Amino acid sequence: NHKRGSNTRGPQLSSVCPAVGQDNCHKTQQSLLSSSSGYSNYRGVLNWCVVMLVLSNARLFLENLLKYGVLVDPVQVVSLFLKDPYSWPAACLVIVSNVFIVVALYTERQLSKGSFSERVGFLVHFVNLAVMLTFPPAVVLVLPSVTPVGGAFALGIYTILFLKLYSYKDVNLWCRELSTVKARKLVRSVCYPGNLTIRDMYYFVFAPTLCYELNFPRSPEIRMSFLLRRLFEMVRKHLMSESLNYNDRPDMDLSRMTERLLRLAVPNHLLWLMFFYWFFHSSMNFTAELLRFGDRQFYKDWWNSESVTYFWQNWNIPVHKWCLRHFYKPLLRKGFSKIASQSAVFFLSAFFHEYLVSVPLRMFRLWAFTGMMAQLPLAWFVGRFLRGNYGNAAVWISIIIGQPFAVLMYVHDYYVMHHKQEDV
């Protein structure tokens with residue numbers, strides 16, 4: 001009877017629920033926004049953020065445009081420069097930078113022919129690079145007509161050229177030392193000294209990289225649609241940043257500095273994010289596409305950083321590659337420890353941060369230098385005591401709060417230096 005009962009239940013159940021065992025509509029799975037789901041395609045969310053930023057700032061942009069009009073006319077700027085170029089000292093500084101490029105190329109050509117000894121070549125390169133770091137600040141500090149924006153732009157160009165020419169010097173030295181493995185790896189289609197040409201030099205100068213190679217990876221063609229998209233993004237981000245300008249006068253009451261810091265944190269952070277996208281994605285991809293430069297890894301997933309060290313290694317790949325190749329590893333080969341080498345890298349970065357801020361502003365407060373050097377104990381603390389999401393939150397807090405704090409200090413000191421007597 002038991003067997004007969006169990007045999008009759010099966011067909012009765014399938015007749016009532018014919019879908020059982022054939023087309024199940026449920027299975028064990030996670031919600032997409034859960035970390036355990038493994039889902040990673042958030043492109044729609046990113047586009048939503050961009051749309052919200054555009055819409056939230058469209059009113060401010062239109063209001064400024066209707067109230068002030070177009071403040072910068074490119075045609076008028078070019079005509080004024082051609083009429084009186086000496087009234088634009090920052091632009092003249094950028095043009096003069098070609099002298100240092102030609103000196104570096106000439107020195108390498110003489111070294112390749114044996115006209116210069118390695119010692120003489122090193123001395124010429126040393127003087128050339130030293131003048132590159134000292135001549136522009138001297139001009140900025142001496143000439144009152146150089147504006148802070150113009151000075152920062154000129155010093156930024158010279159800093160990039162300094163790092164590029166240092167790499168150019170190192171790689172050509174490796175190529176002369178034919179016994180090294182690195183020199184053999186560098187020789188592919190173009191061999192040393194066939195690379196020592198004006199065309200090769202200026203391709204490297206304009207290429208979106210700081211590390212020189214004899215043969216850069218090249219893309220097969222220029223994609224016009226990709227080029228136009230990047231150009232549109234560059235213009236769009238510039239217009240959005242104009243609408244977020246923070247023009248509030250700094251309060252002299254130090255008791256309200258915390259309030260000012262919190263008010264400045266959000267717009268400053270949005271400007272920093274827009275600058276990152278504009279420069280590291282839109283502008284550098286635009287330049288790379290124009291030059292058919294194949295290596296487009298200008299950044300990695302720094303937003304997922306669970307440590308301060310990971311952030312600094314991944315948010316600016318060109319600088320990270322240069323520091324690793326031309327500064328960190330050479331220090332290790334000379335016998336320095338990893339801690340000492342990492343500290344030296346942060347010290348170098350702190351120097352250039354202060355160099356690019358204090359000289360154009362013509363005041364030396366060491367806020368940028370101190371902020372960069374403070375990354376060392378912060379990196380140790382986050383790496384030792386915080387993990388996972390807590391570490392990532394700590395990195396984001398340091399970005400959102402740390403940068404506005406340094407900006408507020410410079411704004412406050414600049415205001416005190418230039419406008420305190422006017423208010424009195």
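Every value quoted in this text rests on a predicted model; they were computed, and no experiment measured them.
Looking at Asp295 and Arg218, no side-chain N of the basic residue comes within less than 4.0 Å of a carboxylate O on the acidic one, giving no salt bridge.
The closest side-chain heavy-atom distance from Pro208 to Arg296 is not below 4.5 Å. Between Val99 and Met132 the shortest side-chain heavy-atom distance does not fall below 4.5 Å. Residues Asn314 and Trp303 have side chains not in contact (no heavy-atom distance under 4.5 Å, counting atoms from C-beta outward). Lys113 places none of its side-chain heavy atoms less than 4.5 Å from the side chain of Leu196. For the pair Ser305/Trp302, a side-chain contact is recorded, criterion being any heavy-atom separation below 4.5 Å from C-beta on. For the pair Leu155/Pro360, a side-chain contact is recorded, criterion being any heavy-atom separation below 4.5 Å from C-beta on. Here the side chains of Leu111 and Asn172 are not in contact, with every heavy-atom distance at 4.5 Å or above. No side-chain heavy atom of Ser343 sits less than 4.5 Å from a side-chain heavy atom of Met373.
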Worksheet item: Would Leu214 and Cys191 count as a side-chain contact (heavy atoms from CB on, under 4.5 Å) if you check the C-alpha gap in whole Å, the side-chain angles of each, and the deciding distance to 0.1 Å?
Response: CA-CA 7 Å; Leu214 273 70; Cys191 298; 5.6 Å; no
Worksheet item: Does the pair Tyr202 and Ile101 meet the rule for a side-chain contact (heavy atoms from CB on, under 4.5 Å), with working shown?
Response: CA-CA 8 Å; Tyr202 275 93; Ile101 298 172; 4.0 Å; yes
Item to complete: Take Trp322 and Phe327, measure what side-chain contact (heavy atoms from CB on, under 4.5 Å) needs, and give me the verdict at the end.
Response: CA-CA 7 Å; Trp322 188 95; Phe327 197 67; 4.3 Å; yes
Discussion item. Does Tyr299 form a ring pair (Phe, Tyr, Trp, His ring centres under 6.0 Å) with Phe276? I'd like the steps, not just the answer.
Written reply: CA-CA 10 Å; Tyr299 55 89; Phe276 169 81; 5.2 Å; yes
Worksheet item: Which is it for Leu210 and Arg325 under the side-chain contact (heavy atoms from CB on, under 4.5 Å) test, yes or no, and what are the steps along the way?
Response: CA-CA 10 Å; Leu210 299 175; Arg325 186 193 199 193; over 6 Å; no
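More than 12 heavy atoms of other residues, nucleotides or ligands shown are found within 6.0 angstrom of CZ on Phe346. In this structure, Asn389 places its CG atom where only 12 or fewer heavy-atom neighbours from other residues, nucleotides or ligands lie under 6.0 Å away. Around the CZ atom of Phe206, the shell of radius 6.0 Å holds no more than 12 heavy atoms that belong to other residues, nucleotides or ligands. When the shell of 6.0 Å around OH of Tyr106 is examined, it contains 12 or fewer heavy atoms from other residues, nucleotides or ligands. The local environment of OH in Tyr390 is sparse, with at most 12 non-hydrogen atoms from other residues, nucleotides or ligands closer than 6.0 Å. Heavy-atom contacts from other residues, nucleotides or ligands closer than 6.0 Å to OH of Tyr203 number more than 12. The number of heavy atoms from other shown groups lying within 6.0 Å of CZ (Phe280) is above 12.
Atom CZ in Arg384 sits 15.0 Å away from atom OG in Ser307 (nearest 0.5 Å). Here the CZ-OG distance, from Arg109 to Ser115, works out to 12.0 Å after rounding to the nearest 0.5 Å. Summarising the geometry, atom CD belonging to Gln342 is positioned 11.0 Å from atom CG belonging to Leu331; distances are rounded to the nearest 0.5 Å. From Leu348, atom CG reaches atom CE of Met372 across 9.5 Å, with rounding to the nearest 0.5 Å. To the nearest 0.5 Å, the span separating OG1 on Thr370 from CD on Glu354 amounts to 7.5 Å. How far SG of Cys211 is from NZ of Lys321: 7.5 Å, rounded to the nearest 0.5 Å.
Using a 3.5 Å distance cut-off with no hydrogens or angles, the side chains of Tyr168 and Asp200 do not pair a donor with an acceptor. No donor-acceptor contact under 3.5 angstrom links the side chains of Thr107 and His125, judged on distance only. Tyr212 and Asn195 are linked by a side-chain donor-acceptor pair at a separation below 3.5 angstrom, with hydrogens and angles left out of the test. Between the side chains of Arg176 and Tyr192, at least one donor N or O sits under 3.5 Å from an acceptor N or O.
Between the side chain of Gln297 and the backbone N or O of Ile317, no donor-acceptor pair lies under 3.5 Å. Using a distance-only test at 3.5 Å, with no hydrogens or angles considered, a donor-acceptor pair links the side chain of Ser97 to the main chain of Val94. Of the possible polar contacts, one joining the Tyr158 side chain to the Leu93 backbone as a donor-acceptor pair under 3.5 Å is found. Using a distance-only test at 3.5 Å, with no hydrogens or angles considered, no donor-acceptor pair links the side chain of Lys300 to the main chain of Gln313. Checking side-chain atoms of Arg362 against main-chain N and O of Val140 turns up a donor-acceptor pair under 3.5 Å. A donor-acceptor distance shorter than 3.5 angstrom exists from the side chain of Ser358 to the backbone of Met363, with no hydrogens or angles considered.
Taking the six-membered ring wherever Trp is involved, the centroid distance between the rings of Trp396 and His269 falls below 6.0 Å. The six-membered or imidazole ring of Phe369 lies away from that of Phe351, with a centre-to-centre distance of 6.0 Å or more. No close placement of the Trp315 and His281 rings is indicated, their centers lying 6.0 Å or farther apart. Side-chain rings of Trp272 and Trp278 stay apart, their centers remaining 6.0 Å or farther from each other. Ring centers of Phe100 and Phe162: at least 6.0 Å apart, outside the cut-off. For Trp380 and Phe385, the distance between ring centers is under 6.0 angstrom.
For Lys169 and Tyr166, the positive end sits near the middle of the six-membered ring, less than 6.0 Å away and at most 45° from its axis.
The nearest pair of heavy atoms linking Ala90 to Gly150 is CB-O, 3.4 Å. Shortest non-hydrogen contact noted between Leu290 and Ile222 is O-CD1, 3.5 Å. Summarising the geometry of Lys164 relative to Ala207, their closest heavy-atom pair is NZ-O, 2.8 Å, with the distance given to 0.1 Å. The two atoms that bring Met201 and Ala104 nearest to each other are CE-CB, 4.3 Å, heavy atoms only. Contact between Pro89 and Leu143 at its shortest, heavy atoms only, is CB-CD1, 4.0 Å. Residue Val359 comes nearest to Leu141 through the heavy atom pair O-CD2, 3.8 Å, listed as atom of the first residue, atom of the second, then distance.
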